[in-house]
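Report on the structure given below.
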Amino acid sequence: MRVSHCQEGVTMNEVRVRFAPSPTGYLHIGGARTAIYNWLFARKHKGTFILRIEDTDTERSTSESIQGILDGLEWLGITWDEGPYFQSANVGNHRDAASRLLESGHAYRCFCSKEELDAKREMAVRKKRPYKYDRTCRRLDPDESARLAAEGRPHVIRFAVPEGPGSVRFSDIVYGDMERNLEDIEDFVILRSDGTPLYLLSNAVDDIHDGITHVIRGQDGLANTPRQILIYEALGAPIPRFAHMPLTLDLKKQKISKRTHGEVVAVHFYREHGFLPWALVNYLVLLGWHTSDDREFFTRDELIEAFSLEGVSRANSIFNYQPGDKKFFTDPKALSINAHYIRTMPVEELAAYVREELEEAELWNAEYETEKREWFLHVIDLIRARYHTLKDFISHGRAYFSEHYAIEEKALKKNLLRHKELREILPRLADCLDELESWDLVGVEQAVRDFIDGQGLDSGMVINGIRAIVTGQSVGPGLFDCLVAIGREQVVTRLRKTPLIYPPETSA
RNA sequence: GUCCCCGUCGUCUAGCCCGGUCCAGGACACCGGCCUUUCACGCCGACAACACGGGUUCAAAUCCCGUCGGGGACGCCA
């Protein structure tokens with residue numbers, strides 16, 4: 001529950017923020033949201049957004065992942081001003097920092113073996129006592145410590161957490177005043193025995209190096225913050241402001257991950273399923289953040305203007321995705337936002353996305369950019385209202401762009417097969433339309449209605465039958481609009497082929 | 001287990017700091033209606049929540065305490 005807000009405290013001249021993913025997989029929606037928040041904060045305060053790849057976990061980091069993250073951000077339109085920097089390039093800095101801490105007495109060598117520590121930890125767990133390193137090596141005489149090191153005895157470097165009472169305090173922009181007792185913090189390792197730095201150290205050193213003023217990251221970093229503040233202090237560096245973002249969980253309140261959720265949590269999945277990048281950004285930004293005026297749709301500039309870290313919720317939010325849902329392949333809200341943009345954005349803009357889909361499906365016609373441009377825009381505008389994703393243009397909307405379209409099962413059964421007489425009627429209507437003087441809305445509608453009335457036919461049956469055979473769908477825009485858009489030649493041809501869809505044995 | 005965080009409709013959330021205007025508002029989803037010889041859009045309407053228990057108060061979603069529930073952090077991972 002929100003009790004108090006604190007000031008964002010933007011007092012430094014320049015805001016510098018960063019998104020620092022570790023490249024151990026594709027960009028997922030949780031990471032993307034963190035990136036978006038950082039990006040918005042930077043843009044809002046005319047600051048600098050830095051991309052830093054934390055690739056020091058060489059076991060798991062891959063170049064495919066790095067590329068995937070870059071592609072994902074680019075697709076979303078999240079542009080960075082500096083980087084990508086690579087943490088692995090700064091290992092020297094991290095070691096230097098560890099040496100400085102050692103020299104200044106803020107850190108010490110620890111010769112305890114992993115086995116010894118594991119045993120102590122296990123013992124503590126068994127006794128149900130909280131485990132904390134017992135500081136054995138902290139009490140080692142400095143000369144003795146140096147001697148052992150010179151001898152080549154393997155050791156790690158531990159940070160010497162100040163002893164005695166006292167606490168580390170900081171004010172998180174989202175979570176408010178935080179305090180952690182020093183006695184609850186163990187002397188954590190900052191450098192491995194092989195001389196490589198650990199995350200807590202390298203992350204802080206890099207942030208200092210990059211001049212980060214605001215650390216905006218997931219809430220899982222909240223518990224790390226006191227230890228990192230200790231590092232900043234020991235290094236004599238200014239402490240940045242921290243803002244932790246609530247996590248995104250699934251319906252079972254589990255943290256979302258590739259392992260358990262698969263592709264739906266990957267940014268590229270949305271790209272491949274017909275999402276407009278901005279719609280995804282809009283959905284993601286609303287997952288844990290809201291304006292107080294209930295606005296839900298924003299242009300880029302409006303979002304930047306409206307965004308504030310203070311509107312970020314403290315409660316974890318849930319990605320409302322039901323595996324196996326027949327109707328919604330992802331969070332319904334995400335789909336509705338996507339549909340909203342599809343039907344409301346400027347047609348010219350939408351056209352560029354539709355073009356990509358058509359190209360991919362090999363349905364693109366270069367004339368759609370030239371002499372058929374008007375027609376193309378008109379068709380998109382005509383059919384977009386009922387579409388939820390860009391893919392709908394090449395599935396439900398296929399008949400507008402190709403002669404090779406399937407007749408949807410429902411349309412086939414209900415609107416065609418059930419009425420055998422259409423087999424004879426529709427080709428006759430084709431002849432009638434073929435002779436029409438002009439091919440426009442009024443003329444076509446008049447011709448069809450005259451045809452129906454003249455033969456005393458059921459208009460619903462005929463109209464639905466035409467729709468089914470000509471568009472392959474049982475639903476769609478007003479029929480006459482469809483016919484005019486599809487064109488006389490195609491309509492006539494399609495109507496004449498009606499008999500082909502009836503099984504031969506039913507022929508009279 | 002220890003430390004920390006969180007808890008308003010199914011979901012995202014407004015309201016909470018500065019108690020009354022909240023028998024709790026919006027959006028998505030769901031259901032019904034209007035529109036449409038289709039479906040969608042649009043419009044109208046319905047359903048639906050202050051985790052629980054104690055206090056404080058004339059009055060509590062809002063303040064205090066406790067309980068329960070959920071999450072995170074406790075590595076020579078990042």
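Model, not experiment: these values are computed from the prediction. All chains are named by letter (A, B, ...) in the order of the sequence lines, taking the proteins before the strands, and each is independently numbered beginning at 1.
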Inset, instruction - Whole angstrom is fine here: how far is it from CD in A:E445 over to C1' in B:rU36? - result: 13 Å

Inset, instruction - Look at all strands and tell whether A:R295 reaches a base, only sugar-phosphate, or nothing, counting heavy atoms closer than 4.0 Å. - result: nothing

Inset, instruction - Determine, using ring centers only, whether A:Y175 and A:H244 are less than 6.0 Å apart. - result: no

Inset, instruction - Flag yes if more than 12 heavy atoms outside A:H209 fall under 6.0 Å of its NE2 atom; otherwise flag no. - result: no

Legend entry - Selection: residues 20-32 of chain A, any non-hydrogen atom under 4.0 Å of RNA chain B: A:S22

Inset, instruction - Would you mind building the protein contact string for nucleotides 24-34 of chain B? One character per nucleotide, 5' to 3', B for base within reach (heavy atoms under 4.0 Å), S for sugar-phosphate only, - for untouched. - result: -BBBSSS----

Legend entry - B:rC64 and B:rA73, which share atom name P, separated by this distance in whole Å: 28 Å

Inset, instruction - Step through the shown structure and confirm whether more than 12 heavy atoms of other residues, nucleotides or ligands are within 6.0 Å of CD on A:E409. - result: no

Legend entry - First encountered from the 5' end of RNA chain B, between A:M178 and A:R33: A:M178

Legend entry - Listed nucleotide nearest any side-chain atom of A:R192, set B:rC76, B:rU11, B:rU38: B:rC76

Legend entry - Base partner of B:rG42, which must satisfy Watson-Crick or wobble distances under 3.5 Å: B:rC34

Inset, instruction - Determine the contact category for A:T56: base if any of its heavy atoms lies under 4.0 Å from a base atom, sugar-phosphate if only primed atoms, P, OP1 or OP2 are that close, otherwise nothing. - result: sugar-phosphate

Inset, instruction - Could you measure between the two C1' atoms, the one in B:rC34 and the one in B:rC18, and give it in whole Å? - result: 45 Å

Inset, instruction - Would you please indicate if the ring centroids of A:F393 and A:F401 are separated by under 6.0 Å? - result: no

Inset, instruction - Please state the P separation for the pair B:rC16 and B:rU11 - nearest whole angstrom. - result: 22 Å

Legend entry - Distance in angstrom units between A:L483 CG and B:rU38 P, rounded: 15 Å

Legend entry - Basic-acidic side-chain contact under 4.0 Å: A:D220, A:K255: yes

Inset, instruction - State, with a plain yes or no, whether a side-chain heavy atom of A:D187 is found less than 4.5 Å away from one of A:Y108. - result: yes

Inset, instruction - Of all the heavy-atom pairs spanning A:L350 and A:R384, show the shortest one and how long it is. - result: CD1-CD, 3.8 Å

Inset, instruction - Decide if atom CD of A:E305 counts as having more than 12 heavy atoms of other residues, nucleotides or ligands within a radius under 6.0 Å. - result: no

Legend entry - Distance-only donor-acceptor test, A:R386 side-chain atoms vs B:rC39 base atoms, 3.5 Å: yes

Legend entry - C1' gap between B:rG26 and B:rA14, integer Å: 7 Å

Inset, instruction - Could you tell me whether A:E122 and A:K120 make a salt bridge, using a distance below 4.0 angstrom between a side-chain N and a carboxylate O? - result: no

Inset, instruction - For residues A:I239 and A:F170, determine if any side-chain heavy atom of one lies less than 4.5 Å from a side-chain heavy atom of the other. - result: no

Legend entry - B:rU2 pairs with, by Watson-Crick or G-U criteria that keep both distances under 3.5 Å: B:rA73

Inset, instruction - Hunt down the Watson-Crick or G-U wobble partner of B:rC68, both distances under 3.5 Å, from any strand shown, or write none. - result: B:rG7

Inset, instruction - Give the nucleotide from the list B:rA14, B:rC6, B:rC5 with an atom nearest to the side chain of A:S292. - result: B:rA14

Legend entry - Close residues, residues 156-168 of chain A, relative to RNA chain B [heavy-atom separation under 4.0 Å]: A:V156

Inset, instruction - Please report the closest heavy-atom contact between A:L382 and A:A485, naming both atoms and the distance. - result: CD2-CB, 3.9 Å

Inset, instruction - Would you indicate, yes or no, if B:rC6 has its OP1 or OP2 atom less than 4.0 angstrom from a side-chain nitrogen or oxygen of A:R314? - result: yes

Inset, instruction - Answer yes or no: is there a donor N or O on one side and an acceptor on the other, between the side chain of A:D250 and the main chain of A:Q254, under 3.5 Å? - result: yes

Inset, instruction - Check every strand shown and say whether A:Q87 touches a base, only sugar-phosphate, or nothing at a heavy-atom separation below 4.0 Å. - result: sugar-phosphate

Inset, instruction - With heavy atoms under 4.0 Å as the rule, sort A:C482 into base, sugar-phosphate or nothing. - result: nothing

Inset, instruction - Taking atom P in both B:rG20 and B:rG25, compute the distance separating them and give it to the nearest angstrom. - result: 16 Å

Inset, instruction - Give the rounded distance in Å between these two atoms: CG of A:D194 and C1' of B:rG75. - result: 14 Å

Inset, instruction - Measure the distance from CD1 on A:I318 to C1' on B:rU8 and round it to the nearest whole Å. - result: 13 Å

Inset, instruction - Pick base, sugar-phosphate or nothing for A:N224, based on heavy-atom distances below 4.0 Å to the nucleic acid. - result: base

Inset, instruction - Grab the CG-P distance between A:L191 and B:rG75 for me, whole Å please. - result: 18 Å

Legend entry - Results of salt bridge (charged side-chain N to carboxylate O under 4.0 Å, His left out) for A:K410 - residues two or more places apart only: none

Inset, instruction - Nearest whole angstrom, please: distance from the C1' of B:rG10 to the CZ of A:F319. - result: 16 Å

Inset, instruction - Check ring pair (Phe, Tyr, Trp, His ring centres under 6.0 Å) between A:F298 and all other residues, then give those that pass, not counting sequence neighbours. - result: A:W289

Inset, instruction - Assess the pair A:F297 and A:Y341: is the distance between their ring centroids shorter than 6.0 Å? - result: yes

Legend entry - Whole angstrom value for the distance that separates C1' of B:rC17 from CD of A:E310: 12 Å

Inset, instruction - Of all the heavy-atom pairs spanning A:G465 and A:L416, show the shortest one and how long it is. - result: O-CD2, 3.6 Å

Inset, instruction - Determine the interatomic distance between P on B:rC3 and the same-named atom on B:rG75; round to the nearest Å. - result: 15 Å

Inset, instruction - Starting from the 5' end of RNA chain B, give me the residue, A:H155 or A:A315, whose nearest nucleotide shows up first. - result: A:A315

Legend entry - Integer angstrom distance from the P of B:rA61 to that of B:rG55: 15 Å

Legend entry - Sugar-phosphate, base or nothing in reach of A:P246, heavy atoms under 4.0 Å: nothing

Legend entry - B:rG15 versus B:rU57 - spacing of their P atoms, nearest Å: 29 Å

Legend entry - Euclidean distance, atom CZ of residue A:F170 to atom C1' of B:rC5 [Å, nearest integer]: 11 Å

Inset, instruction - Give one of base, sugar-phosphate or nothing for A:R60, where a contact means two heavy atoms less than 4.0 Å apart. - result: base

Inset, instruction - Spell out yes or no: do the side chain of A:S193 and the base of B:rC76 have one donor N/O and one acceptor N/O closer than 3.5 Å? - result: yes

Legend entry - B:rU21 pairs with, by Watson-Crick or G-U criteria that keep both distances under 3.5 Å: none

Legend entry - Distance-only side-chain donor-acceptor flag, A:R180 / A:S167, under 3.5 Å: no

Inset, instruction - For the residue pair A:Y283 and A:N338, confirm or rule out a side-chain donor-acceptor distance under 3.5 Å. - result: no

Inset, instruction - Just name whichever nucleotide pairs with B:rC63, Watson-Crick or G-U, keeping both distances under 3.5 Å, else none. - result: B:rG55

Kindly give the atom pairs (protein nitrogen or oxygen, nucleotide nitrogen or oxygen) under 3.5 Å for nucleotides 65-72 of chain B.
| residue | atom | partner | partner atom | Å |
| --- | --- | --- | --- | --- |
| B:rG71 | OP1 | A:Q254 | NE2 | 3.2 |
| B:rG71 | O2' | A:N316 | OD1 | 3.1 |

